[in-house]
Amino acid sequence: MKVIKFGGSSLASASQLEKVLNIVKADPERRFVVVSAPGKRHENDTKVTDALISYYQKYRNHQDVTAEQDWIIQRYQDIIDSLGLGSAIFNQIKQSFKDLASLPIVDNDFLYDTFLAAGEDNNAKLIAEYFCQNGLMARYIHPKAAGIIVSSEPQNARLLPASYDKLEELRHAREILVIPGFFGVTEDNQICTFSRGGSDITGSIVAAGIGADLYENFTDVDGIFVAHPGVVNNPLSISELTYKEMRELAYAGFSVLHDEALIPAYRGKIPIVIKNTNNPDHPGTKIVLEHQEQTLPVVGIAGDDKFVSINMSKYLMNREVGFGRKVLQILEDLNIRWEHMPTGIDDLSIVLREKELTPIKEQEILAYLTQTLKVDEVDIERNLSVIMVVGENMRNQIGVTAKVTKALSEKNINLEMISQGSSEVSIIFIIKTEQEKEAIRALYHNFFENN
Ligand code: ASP
């Protein structure tokens, strides 16, 4: 049994839905279809979810919502008319969007989530109807009926583990089930969404719940590329990745799959494949527990900017018991997440994402380090980028770092810091952001074009 999830661009128009129908028909094991809301039809278009945010904001502020309602309803109508689905389903969807504007505004923590979820919910109804009219035995199912019960954290829901028992029962469904992605229902029956892009999470939950043989995630690219296509011209696509490699690449901006979507599949040991709705014959990228294929030591090169580093030094720091704890304590007290901590003998740097450090928090940290911890020097370095060279097979290979540093030195790129975790899944290099793209191109050239 396979769970198949389609993203917004795969569902943006009638012609896209025809491709979706053909893909589902092509394989009788595709029994669970998880859908996003209609996405962009072209670059300057608006996603239905974003249109729902505008609708919500106007409604909340007691403004006229007619234009927002009409725009959203029209998007569904265009699809319904082009597919010839008839007026019953249209009227149902239309009414459901109108009804949002009668929900209570005061003391309603889940109002925003209810608006957002309507995009996926109505799309699942539409798609189930379309499948039925085209020879598939299909049925829409609401996340509550499916058993997707989540925590009460608006826009950041997490699945409650008890959900899995109910989800397992879906295995016995006789029809193809069409499930709206992106949201679940709390124990007290409120609609609560995952974070943005969360339909990927629903797909993974359903795959783990029913114990699928495969979770197919259909999007609009031929899988995951070795490097970002906006930086490297026509990069190769990766045929196979492990969950760990995917997690590392996602950390540094490879956002094809929502990073929370890996967890349920990983726990359930369900392989994932990322495929292209517009090119379904391309094998895409498989994400598995352990490599089955022969792979190069490095599978991907990622870069991400907007990092800062708090650099401090103090003579005989290594002899001072508790110094590191005190530094981390002040970060915890200020609710700051940190990312990396490279050290020397008498110096220590904390690398974090720029957004964690407000001017007030920065002042507090500097005052604490100089006045309480009495460091000799401290400074904050900005405009840093993280470059990650990722691959589980690096563990068995000598000389990967040498190859990286050679490639970077030839481009005159200074390495500010280097860090590698004990799992050796990736090596992290911290450099100046102005050199990030050049560094990625140089590494791509050395690892993938020279071979
Ligand atoms: N429609 C939602 C969003 O745009 C969820 C999704 O597409 O995965 O964030």
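The residues of the chain are indexed from 1 along the displayed sequence. Read the numbers this way: they start at 1 and go in the same order the structure lists the ligands and their atoms.
Donor-acceptor pairing under 3.5 Å is lacking for the side chains of Gln92 and Asn122. Lys144 and Asn189 are linked by a side-chain donor-acceptor pair at a separation below 3.5 angstrom, with hydrogens and angles left out of the test.
Counting atoms of ligand 1 from 1 in the listed order, those under 4.0 Å from a heavy atom of Glu120 are 1 (N), 2 (C), 5 (C), 6 (C), 7 (O). Near Arg196, with a cut-off below 4.0 Å to any heavy atom, the atoms of ligand 1 are 3 (C), 4 (O), 9 (O).
For Phe254 and Phe225, the distance between ring centers is not under 6.0 angstrom. Under the 6.0 Å cut-off for aromatic ring centres, Tyr55 and Phe115 qualify, their centroids lying closer than that. Checked against the 6.0 Å centroid threshold, His228 and Tyr444 do not count as a close aromatic pair.
Annotation: cation-pi geometry satisfied between Arg353 and Tyr251 (NZ/CZ under 6.0 angstrom from ring centroid, within 45° of ring axis).
Across Gly39, Ala117, Gly8, Ser199, heavy-atom proximity to atom 6 (C) of ligand 1 is greatest for Ser199.
Proximity of Gly119 to ligand 1 is not established, as no heavy-atom distance is less than 4.0 Å. Under a 4.0 Å heavy-atom criterion, Gly181 is not in contact with ligand 1.
Ser36 OG, 3.0 Å is the protein heavy atom nearest to atom 7 (O) of ligand 1. Given atom 1 (N) of ligand 1, the protein heavy atom at minimum distance is Thr49 OG1, 2.7 Å.
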